[in-house]
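All residue numbers refer to positions in the sequence shown, counting from 1. Remember, it's a predicted structure, so these values are computed and weren't measured experimentally.
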Amino acid sequence: MMPAARESLLDAAYTALARRPWSAVRMVDVAAAAGVSRQTLYNEFGSKEGLARALVRREADGYLAGVERALATHSDARDRLTATAEWTASLAHDNALVRAMLTGCWSERLPSPTLSAVPSSSAVPAQRRADGPLPSPGDFVAMVRDRAVTVLSGPGVGKSDLADLARSCELVVRLALSCVAAPPGEGGVADLVRSALHRQLTG
């Protein structure tokens, strides 16, 4: 099956989930919305649980791709970290699946696939990946922190500087996640991150 058709099915599932709880989303409706047969849907994802895993995997990948973009947008380290925090908070605000993945709080409206890998007999590489382990909130913190450290550490950075940088990056990620759980007031995420980094980098 073409990757485009898989994307259409995931889009259809995401749209259906925005309108009704996952328990009420029917495979036949997802297939119809994507313009494919129900058999094609089952061939691609194996089951409704497989579809849920694929949807979660896609949203996780989309979040991490946005982190990459945020880190690449500015030249100043503080601006890059601020952009990463703002992306995290804004996407989680708009996307219930990303919010659940980042906080670990899955409402009964959402699918809540087990984060550990499940046995996969799928012939579809993308589905085999979705059947693998899914990231926990702690995994996201580590992935974003490590990515930020890699992007922000230039050549010749000493070990102690790297450790400080890792702490700053992790602080920003955790601050962003706290803003997901309890949205900040005036000034938003950016002000919180800038003041935290100011203390961290000048303290």
Side-chain angles (χ1 to χ4, degrees), residues 1-72 84 87-147 150 173 176-177 180-181:
M1 182 164 140
M2 295 298 296
R6 185 179 175 89
E7 281 301 304
S8 302
L9 284 162
L10 289 169
D11 287 341
Y14 186 86
T15 303
L17 179 59
R19 298 194 182 126
R20 59 184 78 93
W22 183 248
S23 57
V25 172
R26 298 185 328 152
M27 295 290 269
V28 62
D29 297 335
V30 172
V36 302
S37 71
R38 196 172 64 163
Q39 190 54 52
T40 300
L41 176 57
Y42 279 102
N43 290 348
E44 187 66 23
F45 299 102
S47 64
K48 191 175 175 187
E49 168 75 1
L51 177 61
R53 295 187 74 82
L55 192 56
V56 168
R57 182 76 258 173
R58 180 178 79 160
E59 300 310 308
D61 291 345
Y63 165 66
L64 293 169
V67 167
E68 293 281 347
R69 284 194 302 276
L71 287 168
T84 301
W87 161 251
T88 299
S90 71
L91 186 65
H93 176 268
D94 297 337
N95 186 317
L97 278 174
V98 170
R99 187 162 60 247
M101 279 188 274
L102 292 177
T103 59
C105 301
W106 295 81
S107 81
E108 58 275 10
R109 281 190 56 83
L110 297 174
S112 53
T114 56
L115 295 181
S116 52
V118 296
S120 184
S121 56
S122 179
V124 180
Q127 190 58 37
R128 282 203 301 276
R129 182 163 176 263
D131 289 339
L134 297 170
S136 68
D139 294 334
F140 278 112
V141 170
M143 284 188 282
V144 176
R145 177 199 65 212
D146 294 349
R147 193 66 208 115
T150 302
V173 180
L177 294 188
V180 169

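- Between the CD atom of Q39 and the CG atom of L41 there is a distance of 9.5 Å, given to the nearest 0.5 Å.
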- request: Just do the side-chain hydrogen bond (donor to acceptor under 3.5 Å, both in side chains) check on D11 and S8 with the steps written out, would you?
  value: CA-CA 5 Å; D11 287 341; S8 302; 5.5 Å; no
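- R38 places no side-chain N or O within 3.5 Å of a backbone atom of A31 that could act as its donor or acceptor partner.
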message: Set out, in order, the CA-CA distance, both residues' side-chain angles and the distance that settles side chain to side chain contact (heavy atoms under 4.5 Å, CB included) for T88 and V173, then state yes or no.
response: CA-CA 8 Å; T88 299; V173 180; over 6 Å; no
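- The shortest heavy-atom contact between Y14 and D94 is OH-O, 4.1 Å.
- Counting heavy atoms of neighbouring residues, nucleotides and ligands inside a 6.0 Å radius, atom CZ of R26 does not exceed 12 of them.
- When atom types are taken as modelled, the side chain of R129 and the backbone of A54 share no donor-acceptor pair closer than 3.5 angstrom.
- R58 CZ to L97 CG: the interatomic distance, rounded to the nearest 0.5 Å, is 9.5 Å.
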Show every donor-acceptor pair shorter than 3.5 Å between a side-chain atom in residues 103-111 and any protein atom, with sequence neighbours excluded, or say none if there are none.
from, atom 1, to, atom 2, distance (Å)
T103, OG1, R99, O, 2.7
T103, OG1, C105, N, 3.2
S107, OG, R109, N, 3.2
R109, NH2, L17, O, 3.4
R109, NH2, R20, O, 3.4

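- Between atom CG of residue L71 and atom CH2 of residue W87 there is a gap of 12.0 Å, rounded to the nearest 0.5 Å.
- How far CZ of R145 is from OG1 of T150: 10.0 Å, rounded to the nearest 0.5 Å.
- At a cut-off of 3.5 Å, with distance as the only test, no side-chain donor of N43 or T40 sits close to an acceptor on the other residue.
- Annotation for G50 and Q127: closest pair O-NE2, 3.1 Å, computed over non-hydrogen atoms.
- Scanning both residues, V30 and A12, for their nearest heavy atoms gives O-CB, 3.6 Å.
- Of the inter-residue distances, the one linking N95 atom CG with M101 atom CE reads 6.5 Å to the nearest 0.5 angstrom.
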message: Before you tell me yes or no, could you show the steps for R147 and V144 under side chain to side chain contact (heavy atoms under 4.5 Å, CB included), namely the whole-Å CA-CA distance, both residues' side-chain angles and the distance that decides it to 0.1 Å?
response: CA-CA 5 Å; R147 193 66 208 115; V144 176; 5.6 Å; no
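- Counting only distance, with no hydrogens or angles, the side chain of R53 and the backbone of T114 share a donor-acceptor pair below 3.5 Å.
- A distance-only check finds no donor-acceptor pair linking the side chain of D131 to the backbone of R128 [under 3.5 Å].
- Using the six-membered ring where Trp is involved, Y63 and F140 have ring planes that are perpendicular, over 60° apart on the 30 and 60° scheme.
- At least one side-chain heavy atom of F45 sits less than 4.5 Å from a side-chain heavy atom of L10.
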message: Pair V141, L102 - check side chain to side chain contact (heavy atoms under 4.5 Å, CB included), show working.
response: CA-CA 8 Å; V141 170; L102 292 177; over 6 Å; no
message: Applying side chain to side chain contact (heavy atoms under 4.5 Å, CB included) to E68 and L64, what does each step give before you reach the verdict?
response: CA-CA 6 Å; E68 293 281 347; L64 293 169; 5.9 Å; no
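- Contact annotation: the side chain of R57 approaches that of P135 to within less than 4.5 Å [non-hydrogen atoms, C-beta and beyond].
- Distance NZ/K48 to CE/M27: 8.0 Å, rounded to 0.5 Å.
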